[in-house]
Amino acid sequence: MKTFRCARIIVIYAVVGMFSVSVPAQNYGNSDFIKKENLLKTVTILASKEFDGRNPGTAGYEKAAGYMASEFQKIGLKPLGDSSYYQFFNVEGNEIVSPCIFNKTENGKTLKEYKLGKDFVCKGFTGSGKINAPVVFCGYGIYLPDAGYDDYKYVDVRNKIVMMFKQNPSWKLDSSAWPNAYERTKGLFAKQHRALGVLYVSLPNDQKPQQPIGSTLHGKGNQQEGMPQLHISIDVANELLASSGFTLSQLQTKIDSLKKPFSINANSSAELNINAIYQPEVRTENIIGFIEGSDSLLKNQYIVISAHLDHVGSQGGKIYFPGANDNASGSSAVLEMAKAFSLSNIKPKRSVIFVLFASEEQGLMGSEYCADHFPVPIDSVVAMFNLDCMGYGDSIQIGNGKSAPQLWNFIHTQDSLYFNKMVSRTWAGGGADLGAFHKKGIPGAYVVSTKSYEHLHQLSDTPETLNGVLFEEITKLTFISAYKIAQGEYVREKINLE
């Protein structure tokens with residue numbers, strides 16, 4: 001018996017009229033192969049301690065890449081990398097090892113020891129250093145004297161630790177835009193003023209202030225190898241400010257209401273002892289495999305199904321960030337869809353390429369490299385599905401619909417037939433790893449669940465938090481849409497690049 005059965009519409013004519021019944025989605029193609037148990041199994045493997053947070057350039061990511069490449073081989077995908085399934089490129093690397101210490105001190109003695117992962121985390125591109133110094137609060141940490149804004153103007157931060165807001169102000173100074181709120185920018189300002197270290201803290205007056213998170217997004221510029229940089233909790237920030245006469249919330253209110261700097265001495269000291277191994281260049285890789293189309297003409301047209309495999313790694317030998325939803329979920333879905341295509345008795349007419357990107361977290365580097373060095377003529381790509389953070393939430397979003405409306409409507413039609421889980425919200429311009437391909441004119445769909453970022457870059461992004469039912473449905477919807485396009489049911493549209 002064939003495992004491939006097309007969805008059927010049974011039309012019954014009767015005296016009372018005409019009725020239609022659609023067969024459930026699991027009977028379309030090989031989509032019944034896609035099950036939440038298999039999706040969650042792969043997520044659990046990728047989010048395990050063995051892969052240590054999957055930070056490119058580390059042993060953990062290499063193990064994850066090797067595991068997924070071996071899975072590609074097992075199901076018979078043809079390799080499409082520089083060497084087998086691997087497409088190599090170089091990125092910066094920074095591995096945070098032990099010690100990883102942050103304490104409140106007084107007269108050189110420890111008053112309180114802070115816990116890594118709860119009270120603070122290191123910025124992904126922190127520098128190394130062992131320091132014990134006074135703390136100075138410097139607002140948003142912005143140095144734009146020519147524009148009339150300088151958080152450093154009235155305080156001396158030489159040989160001190162600077163505490164600053166991680167984000168930029170929600171308001172603008174005249175028509176001027178703020179500099180990038182990355183450690184390479186704000187950390188450089190602190191370094192220029194001869195500070196020894198930086199403590200970033202989230203905005204306390206936000207409706208839901210961000211907790212300390214792991215992040216390897218650092219911006220452009222030179223690495224400040226001798227400057228430790230942490231993201232601390234709001235509670236810790238208030239403890240360091242306790243003798244200043246101000247709370248963090250009061251300081252934000254004062255600065256935002258006056259739209260002027262208000263920097264003060266915290267009247268406290270802290271110890272930082274951080275050890276990071278920085279490498280200007282370290283090799284990493286995307287993973288690429290494909291199924292060749294069965295039609296003599298259409299096989300030279302391609303569908304791309306992609307996700308990023310990387311996450312933000314581990315710190316101090318004590319904590320690692322599992323990245324179950326971000327983005328073990330997307331990587332797992334790519335693998336299960338590849339299995340469903342590979343095991344189907346009716347092969348796709350168009351060729352299907354499966355890609356797992358490295359270094360999305362560091363700034364979309366894997367997808368940008370892949371788009372610039374695509375293994376087939378990129379103009380032959382008919383459509384792309386990029387899967388990112390798709391296992392947590394309660395419904396389905398398909399991004400980039402304003403740039404590729406025909407593709408969005410095609411997917412929405414499949415959802416209407418089988419699931420009714422898509423929301424109407426969408427956007428233009430690609431998004432994350434889809435962006436580099438969007439810029440080259442490729443119609444794309446950014447597949448993500450709603451409310452997907454509750455545990456973003458936190459230790460709590462674990463497999464147990466995922467919604468298995470939604471995860472299965474969103475993967476099936478993507479597979480059904482991709483399969484029909486691979487059979488020739490969609491003609492590549494000219495996208496809106498504005």
Is there a side-chain contact between Phe479 and Ile305 in this structure, where contact means two heavy atoms from C-beta onward sitting under 4.5 Å apart?
no

Can you name the nearest heavy-atom pair linking Thr475 to Ala333, along with the distance?
OG1-CB, 3.7 Å

Donor-acceptor pair, Arg54 side chain versus Leu309 backbone, under 3.5 Å?
yes

Value rounded to 0.5 Å, distance of CD1 in Ile474 from CG in Asp415
9.5 Å

More than 12 heavy atoms of other residues, nucleotides or ligands under 6.0 Å from NZ of Lys349: is that the case?
no

Do you know which two heavy atoms are closest between Gln458 and Phe321, and how far apart they sit?
C-CD2, 3.9 Å

May I ask you to check whether Glu92 and Tyr278 show a side-chain donor-acceptor distance below 3.5 Å?
yes

Hey, does the side chain of Arg492 reach the backbone of Pro443 with a donor-acceptor pair shorter than 3.5 angstrom?
no

Is the closest basic N to carboxylate O distance between Lys476 and Glu473 below 4.0 Å?
no

In Å, rounded to the nearest 0.5 Å, how long is the span from CZ of Phe72 to CZ of Phe290?
12.5 Å

Judged by atom type as modelled, is there a donor-acceptor pair below 3.5 Å linking the side chain of Ser128 to the main-chain atoms of Ala276?
yes

What I'd like to find out is whether the side chain of Trp427 reaches to under 4.5 Å of the side chain of Tyr446, using heavy atoms alone.
yes

Walk me through it: do Glu336 and Lys41 pass the test salt bridge (charged side-chain N to carboxylate O under 4.0 Å, His left out)?
CA-CA 11 Å; Glu336 291 308 306; Lys41 179 181 178 181; over 6 Å; no

List the atom of Ile398, the atom of Trp408, and the distance in Å for their closest heavy-atom pair.
O-NE1, 3.0 Å

Is there a donor-acceptor contact under 3.5 Å from the side chain of Asn327 to the main chain of Cys389?
yes

Arg184 CZ: over 12 foreign heavy atoms closer than 6.0 Å
yes

Of all the heavy-atom pairs spanning Gln210 and Ser202, show the shortest one and how long it is.
O-OG, 2.8 Å

